[in-house]
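In what follows, a single structure is set out as structure tokens and then discussed.
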Protein chains: 2
Amino acid sequence: MPEKSEKNGRLNVIASLRKLISEGVYAPGERLKELHVAERLQVSRMPVRLAFRTLEQEGLLQKTGTRGYVVRQFSEEDVLCAVEVRGALEGLAARRLAEKGVTEEVDAQLRDCLSRGEALLEKGHLVKADIEVWATLNQEFHRAIVGATGSRVIHDAIARNDHLPFASADSIVIDDAALDREYGKLRMAHAQHQLVFQALSRGEGARAEMLMREHAYIGLRYGTLFGLGEVGHATDAK
Amino acid sequence: MPEKSEKNGRLNVIASLRKLISEGVYAPGERLKELHVAERLQVSRMPVRLAFRTLEQEGLLQKTGTRGYVVRQFSEEDVLCAVEVRGALEGLAARRLAEKGVTEEVDAQLRDCLSRGEALLEKGHLVKADIEVWATLNQEFHRAIVGATGSRVIHDAIARNDHLPFASADSIVIDDAALDREYGKLRMAHAQHQLVFQALSRGEGARAEMLMREHAYIGLRYGTLFGLGEVGHATDAK
DNA sequence: AACCTTTACTTTGGATCCAAAGAACAATAA
DNA sequence: TTATTGTTCTTTGGATCCAAAGTAAAGGTT
């Protein structure tokens, strides 16, 4: 049972349902009934209906022709496509930012992200908590760039495509081998961030775009990056 | 008062509201109240609430911090961004299709669109009805390409970004000068379609992508294309 | 007279009730 | 025995009611 918001004691039905789906409680392909979900979340059917509609537009649910919703299932190709879509859009954002010029504030933000990433790398290895640190860091870096373009249209377009279940970092299994892989992936991602930052600073729009598009592929599990096997979950949040 | 659906006598609240907004009945920046809209459309507040949520995700409405929704207003830069977003995504679709290879069925579809475009051009001038013919034709061409990629993820990403009010062709003023401009624009668009088709047929992915991205800009009013003045409405639907 | 507090009203979000559409099942006829 | 039709039940969509939160206004106090 998901916890309610402290602020008003209300349950965020959308978030809860999204969680249930990404946890696999509602399996891909499964039919979702309003009443069933409502009872499970202890709310009435109305907020569930609203949530269904939202999640449909996010792409998590699919309206069946006749009636009702079904949990959408994603193929490996879907994952790759989602990554490419994100790359295309963030690439667009990067190009615009480079052409527009990086303000001092954004420059400082990005530099901060990079130095924090540097600090993480210097330790030479990762512990479990570092994963979360990196996720936040990475998110900040990307958000800063997208935000700095100043275009809500682009920002929203990216946000709208960032709801697929494999875009969450929750499902990483953390053992030593995984930490090693993560470390390698982190090194790569950090290097790419540096390059993107360089291109942005120099105002090299086309290069910034290209680098950002390439960078998106790191969302696929590192180690399977070049073979594209086993791409069930990406870990490069946002 | 919008007409109800013949099928079940029900009113499509989302479509009606979208129409009201694009017609300017609800002006950009205006606060939208559930009750007010409900009374205007002669429905209860519930479907309006559903519609608000949908239209918010489409980007037509904006949730204000405190409460309520506001009709979103789009700047000229927003229009340009939306065009570039579409270009980026359709470019992606075109590249994928080229790399995957065009099936005979899709090849036939595209050829059909091209020959119908050719027929339209051969007349040497346009009449009012031709505008609609071209709009359909153009839509078919783009839909065929996006559909042929076989990726719902990409398809949906494009669909989600195709709801902005300026993406509709309704607002073209049709006088002789406008028809002349449309004819010129049509020639250009047709030529671009031909090039895209060529690249697709040859399996030239990068080129197809580039051409498609460029083609997106024709969504801005032709004649103001190079100066980017007066870009309030685009006419290249879908 | 200005500011703070309290109260009333506006507006949104949630719950329950009702109607209609679709699906499943059963019964009857061929 | 199978197919078709009618009936019942499930499930969704809409309407109305209720509660809570936020806003505005009015009155009191300093």
Side-chain angles (χ1 to χ4, degrees), chain A residues 1-21 25-72 163, chain B residues 1-21 25-72 163:
Chain A
M1 187 77 57
E3 66 284 349
K4 301 183 177 185
S5 143
E6 276 76 26
K7 220 178 93 201
N8 54 8
R10 263 180 206 160
L11 181 70
N12 187 340
V13 176
I14 298 178
S16 306
L17 189 49
R18 205 186 277 137
K19 194 148 168 276
L20 285 177
I21 291 173
V25 175
Y26 292 111
E30 186 173 344
R31 164 113 176 264
L32 236 51
K33 288 170 206 160
E34 286 183 1
L35 196 60
H36 183 251
V37 175
E39 278 170 1
R40 196 178 204 301
L41 296 179
Q42 295 287 311
V43 291
S44 87
R45 281 176 47 218
M46 200 52 57
V48 174
R49 237 145 92 184
L50 290 172
F52 277 10
R53 193 167 281 223
T54 299
L55 294 183
E56 183 202 357
Q57 290 212 326
E58 286 181 3
L60 221 63
L61 295 183
Q62 207 165 351
K63 215 185 174 90
T64 65
T66 57
R67 91 177 145 196
Y69 290 88
V70 163
V71 178
R72 174 131 168 236
H163 291 292
Chain B
M1 188 75 58
E3 66 284 350
K4 303 182 178 184
S5 143
E6 277 76 27
K7 217 178 92 201
N8 54 9
R10 263 180 206 160
L11 182 69
N12 185 339
V13 177
I14 298 178
S16 305
L17 189 49
R18 206 186 277 140
K19 195 148 168 276
L20 286 177
I21 292 173
V25 175
Y26 292 111
E30 187 174 344
R31 164 115 176 263
L32 236 49
K33 289 168 205 162
E34 285 183 4
L35 196 60
H36 184 250
V37 175
E39 278 171 1
R40 195 176 204 303
L41 296 179
Q42 295 287 314
V43 292
S44 87
R45 281 176 46 220
M46 199 51 58
V48 174
R49 240 146 89 186
L50 268 320
F52 277 9
R53 193 167 280 222
T54 299
L55 294 183
E56 183 203 358
Q57 290 211 326
E58 287 183 1
L60 222 63
L61 295 183
Q62 205 164 352
K63 215 183 173 91
T64 66
T66 56
R67 93 176 143 196
Y69 290 88
V70 163
V71 178
R72 173 125 169 243
H163 290 293

Completion exercise
A:Lys63 NZ to D:dT12 P, in whole Å, measures 10 Å

Problem - Presence of donor-acceptor pair under 3.5 Å, side chain of B:Arg45 and base of D:dG14 - result: no

Practice task
Mark yes or no for a side-chain to base donor-acceptor pair under 3.5 Å between A:Arg49 and C:dG14, with no hydrogen or angle criteria applied.
Solution key: no

Exercise for the section: Please examine the side chains of B:Val70 and B:Leu32, heavy atoms only from C-beta on, and report whether any two atoms are closer than 4.5 Å. Expected result: no

Exercise for the section: Using atom CD1 of B:Ile14 as one end and atom C1' of D:dG13 as the other, report the distance to the nearest whole Å. Expected result: 12 Å

Problem - Comparing B:Val43 and A:Leu35 on DNA chain D - which has the more 5′ nearest nucleotide - result: A:Leu35

Practice task
Indicate the atoms forming the closest heavy-atom contact of B:Gly68 with B:Arg31, along with that distance.
Solution key: CA-NE, 4.1 Å

Handout entry: 5'-most by nearest nucleotide on DNA chain C - B:Leu32 or B:Met46
Key = B:Leu32

Exercise for the section: Taking only the side-chain nitrogens and oxygens of A:Lys33, find out if one of them lies under 4.0 Å from OP1 or OP2 of C:dA23. Expected result: no

Problem - Exam field: side chain B:Gln62 to backbone B:Gly59, donor-acceptor pair closer than 3.5 Å - result: no

Practice task
Could you tell me the separation between the OH atom of A:Tyr69 and the C1' atom of D:dT12, rounded to a whole number of Å?
Solution key: 10 Å

Practice task
Write down the atom of A:Leu55, the atom of A:Arg18, and the distance for their closest heavy-atom approach.
Solution key: CD2-NE, 4.0 Å

Exercise for the section: Could you tell me the separation between the CZ atom of A:Phe52 and the P atom of C:dG14, rounded to a whole number of Å? Expected result: 15 Å

Completion exercise
Picking from D:dT12, C:dG13, C:dA15, the nucleotide nearest the side-chain atoms of B:Glu34 would be C:dG13

Practice task
Starting at atom CG of B:Leu41, determine the distance to atom C1' of D:dG14, rounded to an integer number of angstrom.
Solution key: 14 Å

